[in-house]
Q: 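What follows is a structure written as structure tokens; I'll ask about it next.
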Amino acid sequence: MTDSSNNLYQMYKNMGIDRNVCVFCDKIWNSLKERFEKIDEISEYNQMKVIGAMQKNRVSEACLLGTTGYGYNDLGRDTLEAVYADVFHTEDALVRPQITCGTHALALALMSNLRPGDELLSPVGKPYDTLEEVIGIRESRGSLKEYGISYRQVDLLADGGFDYEGIRAAVGERTRLVTIQRSKGYQTRPTLSVTAIGELIRFLKGIKPDLICMVDNCYGEFTEITEPSDVGADLVVGSLIKNPGGGLAPIGGYLAGRRQCIENAAYRLTSPGLGKEVGASLQALGAFYQGLFLAPSVVANAMKSAVFAANIYEKLGFSVVPSAGEERHDIIQAVTFGTPEGVIAFCQGIQQAAAVDGHVTPEPWDMPGYDSPVIMAAGAFVAGSSIELSADGPIRPPYAVYFQGGLTWQHGKLGIMKTLQKLVEKGIVSSDFSHILE
Ligand SMILES: *Cc1c(COP(=O)(O)O)cnc(C)c1O
């Protein structure tokens, strides 16, 4: 035992973590050095992509300032949208503080690119919970369904693969837009790799070339060196309160894709005729630019935290998705505890690691947009931000918790150590790790 690790164990002790938990966690961490190097390589590649796009578009000090009022000739906003278009290799992009979150960005993309009589298809199973009301899977005012836009779904096969036959049968005359969710969201299905998304899009366009293929890119950005827009997606959509905001964006969503799709969305976000020309950026741009600049590195820290969590909990005998050694395509780690107590203890551990609101205790509650009580641990600088260290879980079988984020790896590590400490204290996990470490 070196002095420095003794000092560190003393620091962790001050943070309420027992020495045996520290020793166990460090053993796991020591086995992950190669994985972490690979994550750093992806981050390095994406960092060049972002800086290159900023330089190409001549981002200047003036771009960091905002506008007020109508926001005509907002240099910083227009340049940022050009930067996003270059990062995602698309014709155009819409990146705005007026887009309030990921759900809003996705609703905007759908409502602006579908017309009454069209059909929306999800070939990858049920979409993210909050989209159910947007689509009208659960009745809601103003849903696509209310506007005469129907919805069809083809589930993934039991092994997580695409049901190509089912998809072929589901694409019809009226099918106009296909929504492909990259990340697993609140499900225990696998997250789709960019390669798999590319194969699916090629198949879909083979059936009907003019389909609009949209990817819900939430939590996926910068986890690989390519994005779905590099493999044929017409539109990629996500939240700035997640990966591409880099932890700094205080609000916002983005769409990047074909010029026509983006224009449709801009006409819906502001008004027909006005489109992208209006929409003052207020004081948001500095954080949008700097957040995007930091995003590749922040995403790497979140990925390391997720890999660490997978390895800890798989070793302890819990089912984890993705598994400990699996390649990773988003920043979410699911751990199935099988009991509400496990989910609650995990979330309370994450909360106790927070720099902001570390003293509060999260409890399950009925959140708008979700169909069962949800517990959320989020002590964040940006409220509810899930690129920051956070965890949430719906209180329903199989009682899985979804962990994500960590602006720094050190914080992510502390968070996971805290969850294990909490599970030990509640008697859900035994404090004797010796048999596991042999
Ligand atoms: C988070 C998320 C959303 C919704 O984004 P919000 O910013 O929470 O509204 C949609 N789809 C997926 C896959 C997500 O992870």
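In listed order, ligands and their atoms are each counted from 1. Since the model is a prediction, treat every value here as computed from it, not as a measurement.
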Q: Students should find this: residues with any non-hydrogen atom under 4.0 Å from ligand 1. What is the answer?
A: Cys101, Gly102, Thr103, Leu106, Tyr128, Gln181, Asp216, Cys218, Tyr219, Ser239, Lys242
Q: Would you say Pro228 and Arg182 make side-chain contact, with heavy atoms under 4.5 Å?
A: yes
Q: Would you call Lys126-Glu132 a salt bridge at under 4.0 Å N-O?
A: yes
Q: List the atom of Gln98, the atom of Gly279, and the distance in Å for their closest heavy-atom pair.
A: NE2-C, 3.9 Å
Q: Do any N or O atoms from the side chain of Arg328 and from the backbone of Thr191 form a donor-acceptor pair under 3.5 angstrom?
A: no
Q: Do Gln404 and Ser390 have a side chain donor and acceptor closer than 3.5 Å?
A: yes
Q: Does a side-chain N-to-carboxylate-O contact under 4.0 Å join Arg258 and Asp92?
A: no
